[in-house]
**Student:** 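First the structure, then my questions, so here it is.
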Amino acid sequence: IYPPPIACALASGRTLAAIDAGGGVQIAVSSRTFIRADVGDRMVRYPGPVIQMEPRRIRDRSFFDHDVRFSVGAGVQF
């Protein structure tokens, strides 16, 4: 199959470049408790040409894909 599905191209064992950028905010609620919010984006550079399955399309060249994450949590300091 040409171009190959992206899963087949990755199965060859090739190492991919990745960038992870993000940050967080921690707010003290009291002297021992806090709330924290974090956001991050992992960007991976995939090889081309490949068939991308979601959304289904052909990528003629290498491309970056993003994985944005957001989390909120609370904690107690000892």
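Because the structure is a prediction, the values reported are computed rather than measured.
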**Student:** Quick one: side chain to side chain donor-acceptor pair (under 3.5 Å) pairs with a partner in residues 68-78, sequence neighbours left out?
**Tutor:**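 Residue pairs passing side chain to side chain donor-acceptor pair (under 3.5 Å), neighbours aside: Asp20-Arg69.
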
**Student:** Please collect all salt bridge (Lys or Arg N to Asp or Glu O under 4.0 Å) contacts where either partner lies in residues 39-53, sequence neighbours excluded, each pair once.
**Tutor:**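 Applying salt bridge (Lys or Arg N to Asp or Glu O under 4.0 Å) to every pair that reaches into residues 39-53, excluding sequence neighbours, yields Arg42-Asp67.
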
**Student:** Tell me every residue that passes salt bridge (charged side-chain N to carboxylate O under 4.0 Å, His left out) with Arg59, counting only those two or more places apart in sequence or in another chain.
**Tutor:**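 Salt bridge (charged side-chain N to carboxylate O under 4.0 Å, His left out) list for Arg59, sorted by chain: empty.
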
**Student:** Could you tell me which residues satisfy side chain to side chain donor-acceptor pair (under 3.5 Å) with Ser62, sequence neighbours excluded, listed by chain and number?
**Tutor:**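 So Ser62 forms no side chain to side chain donor-acceptor pair (under 3.5 Å) with any residue.
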
**Student:** In the single-linkage hydrophobic clustering (I, L, V, M, F, W, Y; side-chain heavy atoms under 4.5 Å), do Leu16 and Ile6 co-cluster?
**Tutor:**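 Yes, Leu16 and Ile6 fall within the same hydrophobic cluster.
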
**Student:** Is there a side-chain contact between Ile58 and Pro3 (heavy atoms, below 4.5 Å)?
**Tutor:**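 Yes, close enough: below the 4.5 Å cut-off.
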
**Student:** When clusters are formed from ILVMFWY side-chain contacts under 4.5 Å, directly or step by step, what else is grouped with Tyr2?
**Tutor:**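 Direct or chained contacts put Tyr2 with none.
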
**Student:** Can you name the residues that form a side chain to side chain contact (heavy atoms under 4.5 Å, CB included) with Arg32, not counting sequence neighbours?
**Tutor:**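 Applying side chain to side chain contact (heavy atoms under 4.5 Å, CB included) to Arg32 gives Val76, Phe78.
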
**Student:** Partners of Asp65 by side chain to side chain donor-acceptor pair (under 3.5 Å), sequence neighbours excluded?
**Tutor:**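 Partners of Asp65 by the side chain to side chain donor-acceptor pair (under 3.5 Å) criterion come out as none, since no residue qualifies.
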
**Student:** Residues two or more places apart in sequence or in another chain: which of them pass side chain to side chain donor-acceptor pair (under 3.5 Å) with Ser30?
**Tutor:**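 Result, side chain to side chain donor-acceptor pair (under 3.5 Å) vs Ser30: Thr33.
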
**Student:** Examine Met53 and Leu10 and state if one hydrophobic cluster contains both, with Ile, Leu, Val, Met, Phe, Trp and Tyr joined whenever side-chain heavy atoms are less than 4.5 Å apart.
**Tutor:**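 No, because Met53 and Leu10 fall into different hydrophobic clusters, even though each may have its own neighbours under 4.5 Å.
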
**Student:** Ignoring hydrogens, what is the shortest heavy-atom contact between Arg36 and Gly24? Give both atom names and the distance.
**Tutor:**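 The answer is NH2-CA, 4.4 Å.
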
**Student:** Taking ring-ring contact (aromatic ring centres under 6.0 Å, His included) as the cut-off, I'd like each qualifying pair that reaches into residues 13-68, sequence neighbours left out, listed once.
**Tutor:**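 Non-adjacent pairs meeting ring-ring contact (aromatic ring centres under 6.0 Å, His included): Tyr46-Phe63.
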
**Student:** State which residues pass side chain to side chain contact (heavy atoms under 4.5 Å, CB included) with Arg14; sequence neighbours excluded, sorted by chain then number.
**Tutor:**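 Checked Arg14 against side chain to side chain contact (heavy atoms under 4.5 Å, CB included); matches are Ser12, Pro47.
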
